[in-house]
Every structure is written in structure tokens, then in C-alpha cells.
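Structure first, then comments.
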There are 2 protein chains.
Amino acid sequence: MTKYSKQTRLLAAVDCIIFGFDGESLKILLIHRGFEPERGKWSLMGGFMQPDESADDASVRILKSLTGLEGVYLEQLYTFCDPQRDPIERTISIAYFALIDIHQYEKQLSDQYHPEWFPLNKIPDLIFDHVEMVRLAKEKLRYKAALHPLLFELLPKKFTLPQLQSLYEYVYDTSFDKRNFSRKVLSTRLLIKQVDKDKYTSKKGAFYYKLNAKNYKADFQAFLNIIPNPHLL
Amino acid sequence: MTKYSKQTRLLAAVDCIIFGFDGESLKILLIHRGFEPERGKWSLMGGFMQPDESADDASVRILKSLTGLEGVYLEQLYTFCDPQRDPIERTISIAYFALIDIHQYEKQLSDQYHPEWFPLNKIPDLIFDHVEMVRLAKEKLRYKAALHPLLFELLPKKFTLPQLQSLYEYVYDTSFDKRNFSRKVLSTRLLIKQVDKDKYTSKKGAFYYKLNAKNYKADFQAFLNIIPNPHLL
DNA sequence: TTTAATAGTTGTCAATTTTACAATTATTTT
DNA sequence: AAAATAATTGTAAAATTGACAACTATTAAA
């Protein structure tokens with residue numbers, strides 16, 4: 001059959017907003033753009049969609065090429081289509097956001113793109129519309145994590161309640177009552193208490209927890225209301 | 001500056017899932033596809049993105065060309081990128097969903113595409129991946145309307161509480177206690193009671209309400225929790 | 001060995017929100 | 001004037017949330 005004639009073709013790229021949490025602050029991973037235009041400027045990691053590749057495939061490929069990681073949380077965020085967004089040639093970009101365990105990343109560091117982690121409140125100037133992409137990703141993370149158990153994706157397999165709480169406190173830039181927080185989190189039945197403790201950060205030590213994979217999968221779509229009114233924070 | 005060489009260009013389309021509510025059921029608007037492939041099959045209304053047009057622009061253009069309506073609720077839903085989704089040529093589709101007042105539409109009926117309204121539980125076979133698009137749009141509508149005052153977009157400027165309730169009951173395929181429902185809705189401070197009544201459906205008549213535009217805009221992003229746990233319904 | 005310091009865990013009560021359920025009021029038709 | 005219809009209003013129990021203090025386990029220093 002014949003092609004669709006008289007229609008304009010364009011380029012399609014995928015850009016990834018990669019979140020990580022190191023216990024200090026919530027960060028995103030940026031690279032030095034390796035080609036013109038704006039070579040050397042800070043940029044999100046991205047790439048063009050290949051002929052036989054879906055956007056999901058491309059996002060997985062891009063994430064792996066930068067971090068070496070596979071099987072991590074990746075979600076389509078939004079498609080940016082402004083005709084002027086790339087000065088060279090019309091390119092639409094399908095933005096994805098990824099949540100990774102930053103410690104896993106460090107083990108597999110790739111120097112090819114000179115990547116660096118930036119705290120969310122210290123993002124440098126970025127090329128094109130990448131600042132808007134980051135803003136939207138942060139907004140969606142805050143939105144979704146208030147309802148669903150999303151932030152676990154940023155922590156190691158084994159984590160403590162204080163770790164989890166400080167992650168939530170960084171994301172929402174506030175503080176929670178630790179008594180109420182632990183009660184709320186534990187009431188979800190999403191956590192399995194381990195027998196061992198984390199002794200690095202305190203004398204008494206905090207018990208490790210792991211995710212209950214079955215309940216996690218079953219209840220992910222439920223409105224857990226972990227943070228009641230995030231838009232007020 | 002030179003173009004990005006060695007990259008594959010592709011077509012980008014926009015498809016619209018258009019929701020309407022006639023008091024009987026929740027419906028979407030479908031057309032007979034006017035060109036090959038699959039000419040004459042049922043399809044979502046869509047079109048190719050034009051050279052100087054964003055996806056938002058395209059969705060507005062497409063919606064207007066079918067319904068004659070402007071200024072209605074339109075939201076980007078998801079971008080579908082499977083390399084095989086269009087058998088003729090690689091085309092990605094940015095899906096939008098629209099919520100319109102179905103009675104406004106009827107006044108401006110366009111016969112160009114032989115459009116028809118289909119209740120959500122009686123959707124015919126659709127071309128390409130349009131069934132999946134409809135499924136995702138319905139899921140997102142249910143998700144978002146449980147938290148935010150979205151469904152008002154489907155009603156006329158003036159509407160009654162019984163109308164509003166039956167809309168929610170259709171969307172969530174359940175029934176609510178009218179006493180609790182009206183209390184919950186009114187407690188949001190989103191509605192302004194009118195002095196006149198709708199006498200068409202009952203002898204006593206039901207008061208009309210209008211949206212409080214200011215509060216609507218201010219509180220749209222709040223978690224109103226209109227429907228507590230939609231995933232259970 | 002004892003004491004102080006640190007930080008995680010557990011408990012209680014009041015306030016708020018939600019849910020379930022029944023009676024009353026307003027209007028039209030006969 | 002009475003009957004029929006459907007909207008509006010009320011209340012109490014249950015569940016959830018939020019604020020707040022005391023206790024316990026561990027390590028380091030005296």
C-alpha cells in the first residue's frame with residue numbers, strides 16, 4: 001500500500017528525568033550534551049527513537065546506556081511538541097521519568113557522558129525545554145507519591161523507616177511526626193520487618209524492612225493517601 | 001546549522017477521545033475513517049500534526065473540525081509509539097481526551113465524518129490501537145475524576161445535583177447515597193445555588209447550580225477525594 | 001561499672017471525617 | 001383537597017486522622 005503522501009515527517013526523541021536519593025537530598029542525573037547544538041551544556045539524557053523501537057524501548061535503552069541499570073521504574077511523563085523547541089530541526093520529545101536506587105548506580109558508573117547528580121533545588125540551566133520537563137517530572141512525582149507507594153523505588157531493597165521518612169520529607173519539603181508516619185506506613189501492609197538492624201546511623205539501630213512484593217503489586221493503584229494534601233505543602 | 005543526519009523521520013498524529021454525557025450514559029464520539037487503510041471502519045477522530053503546529057494546537061483543531069466547539073476541556077493522555085501500530089507507515093499518535101457538553105455539540109452537528117456517539121460499554125471494533133486508547137482514557141477519567149472536579153466539564157453551565165450524581169454513578173458504575181453525596185459536593189464550595197429550578201424531570205423540581213469559577217480554578221489541584229477508592233468499584 | 005546521650009518504638013485521647021439510615025418538605029396531578 | 005413524586009434536611013455511630021508524651025534499647029564517656 002502507498003505511504004501517506006503530503007504529510008510532514010519529523011524527528012522523535014526520548015528524554016529521561018532520572019531521580020535518585022542519597023539520604024541527603026533528591027537529585028536528578030544530568031549529562032554534558034555531546035553534540036551540536038548547545039554542545040557541552042547540561043541536558044537530560046536522551047536520544048532519538050530508532051526505526052524499530054517504541055518509546056518505551058528507547059527509554060529503557062537510554063537509561064541503560066547511562067546507568068547500566070535495567071528493570072527500574074520508568075514511566076511516560078508527557079510529550080513535548082512545540083514546533084520551535086529544537087532550533088535545528090523539528091523534533092518532538094517523549095519525556096520519561098525514572099526512579100533508581102542511587103547506590104546501585106554508583107557501582108556501574110558510566111563516564112561516557114560525564115554525568116552528574118544535581119539536587120532538585122540546584123538545577124543548572126538546561127538546553128531547550130528541559131527545565132520545563134524537570135519541573136513537570138517533579139510535580140508528577142509529588143502528585144503520584146502522595147497517593148501511591150512510589151518512593152520505595154528510590155531506596156535499596158532493604159531500608160529503614162527513618163530512611164523512608166526522610167525521603168518523604170525531602171520530596172514534600174516538610175516534616176512528619178515519626179509516630180504517625182510509621183503507623184501509617186505500616187498499616188498499608190506493604191512492608192515486611194526484617195530481623196536485622198541498620199546500626200550505621202544510630203546507636204540503637206533501626207530495623208530493616210523489605211517490600212511485600214505481592215501486596216505492593218496488588219495495592220499500587222489504590223489511593224493510599226500517604227500525604228493528604230500535597231498541594232498545600 | 002545543519003540538520004540531524006542519519007536519523008529516521010516519522011509521522012506524528014493526534015487522536016481525540018471525546019467524552020459526552022446525555023443523562024443516559026457516558027459516551028464517546030467515533031467517526032467513519034475516510035481514507036485508507038481501513039476506510040469506513042470506526043475510528044477515533046484524529047489527524048496528522050502540521051509543520052507549525054504543536055500537539056495541543058492539533059488537538060484543538062481536530063476537536064473543532066468535528067464538533068464546532070472551542071474552549072473545552074482537553075488533556076494530553078498518552079503517546080502511542082508501537083512501530084507496527086500503523087501498517088502503512090510508522091506513525092506515532094499523541095492521544096488527547098476531551099470532555100464536552102453533549103448538548104452543545106448537538107447544535108453544531110457536523111456531518112462531514114458521519115460521527116456517532118457510542119456508550120462506553122458498546123464500543124465497536126476500532127482501527128489500529130484505538131481500543132487501547134479508549135481503555136486508557138476511560139481509566140484516566142475514572143482516576144482523575146475521583147480526586148478532582150473534572151466531570152463538571154461534561155454538564156451544561158447550569159445543572160442539578162441529581163444530574164451530577166447520576167453522572168458520577170455512570171462513571172463509577174455504582175450508586176451513592178444522595179444525602180451524603182450532596183453534602184460532600186456542597187462542602188467543596190465549588191457550587192453556587194441558583195434561584196431557578198429544573199422542572200423537567202420531577203414535580204418538585206431540583207435547584208440549578210453553577211460552578212464557582214474562582215474556587216474551581218483554585219481548588220482543582222487539591223485532592224477532593226470525591227470518590228474514596230475508585231479502584232474497588 | 002555507671003551514667004549520659006542518642007534515637008527508635010509504643011500508647012492515648014480528642015477532633016475530624018465518613019458512613020449508614022429516616023423523616024420532612026415542596027410541587028404537580030387527579 | 002388528597003395523592004404521588006422526588007428533592008431536601010438531620011442525626012448518630014464508626015472509622016480515621018492528628019497531636020502529643022513516655023518508654024526502651026544501645027553505645028560512648030566518665
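Throughout, protein chains are lettered first and strands after them, A, B, ... in sequence-line order, and every chain is numbered starting at 1.
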Take the protein atom [atom1] of [X] and the nucleotide atom [atom2] of [N], then report the distance between them rounded to whole Å.
{"X": "A/K197", "N": "C/dG8", "atom1": "NZ", "atom2": "P", "result": "10 Å"}
{"X": "B/K178", "N": "C/dA22", "atom1": "NZ", "atom2": "C1'", "result": "11 Å"}
{"X": "B/D196", "N": "C/dT27", "atom1": "CG", "atom2": "C1'", "result": "16 Å"}
{"X": "A/F207", "N": "C/dG8", "atom1": "CZ", "atom2": "P", "result": "12 Å"}
{"X": "B/Y200", "N": "C/dT27", "atom1": "OH", "atom2": "P", "result": "17 Å"}
{"X": "B/R183", "N": "C/dT18", "atom1": "CZ", "atom2": "P", "result": "10 Å"}
{"X": "A/F181", "N": "C/dT10", "atom1": "CZ", "atom2": "C1'", "result": "17 Å"}

Where does the chain A footprint on DNA chain D start and end, counting 5' to 3' with a 4.0 Å heavy-atom cut-off?
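Contact boundaries, 5' end first: D/dG18 to D/dT27.
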
Using 30° and 60° as the class boundaries, would you call the ring planes of A/F97 and A/F19 parallel, tilted or perpendicular?
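Ring orientation of A/F97 relative to A/F19: perpendicular.
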
Tell me whether [X] forms a cation-pi arrangement with [Y], defined as NZ or CZ under 6.0 Å from the six-membered ring centre and within 45 degrees of its axis.
{"X": "B/K27", "Y": "B/F118", "value": "no"}
{"X": "A/K158", "Y": "A/Y208", "value": "yes"}
{"X": "A/K193", "Y": "A/Y209", "value": "no"}

Side chain of B/R179: nearest nucleotide among C/dA20, C/dC21, C/dT10?
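From the listed options, C/dC21 comes nearest.
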
For B/K199, report the nucleic acid contact type (base, sugar-phosphate, nothing); a contact means any heavy atom under 4.0 Å.
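B/K199: backbone/sugar contact only, no base atoms under 4.0 Å.
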
Closest nucleotide of DNA chain D for B/G205 versus for A/L224: which of these residues is on the 5' side?
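Its nucleotide being nearer the 5' end, the pick is B/G205.
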
Tell me, with the steps shown, if A/F152 and A/L164 meet side chain to side chain contact (heavy atoms under 4.5 Å, CB included).
CA-CA 8 Å; A/F152 297 99; A/L164 184 66; 3.7 Å; yes

Taking the six-membered ring for Trp, are B/Y170 and B/F21 closer than 6.0 Å centroid to centroid?
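Yes - the distance between ring centres of B/Y170 and B/F21 falls below the 6.0 Å cut-off.
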
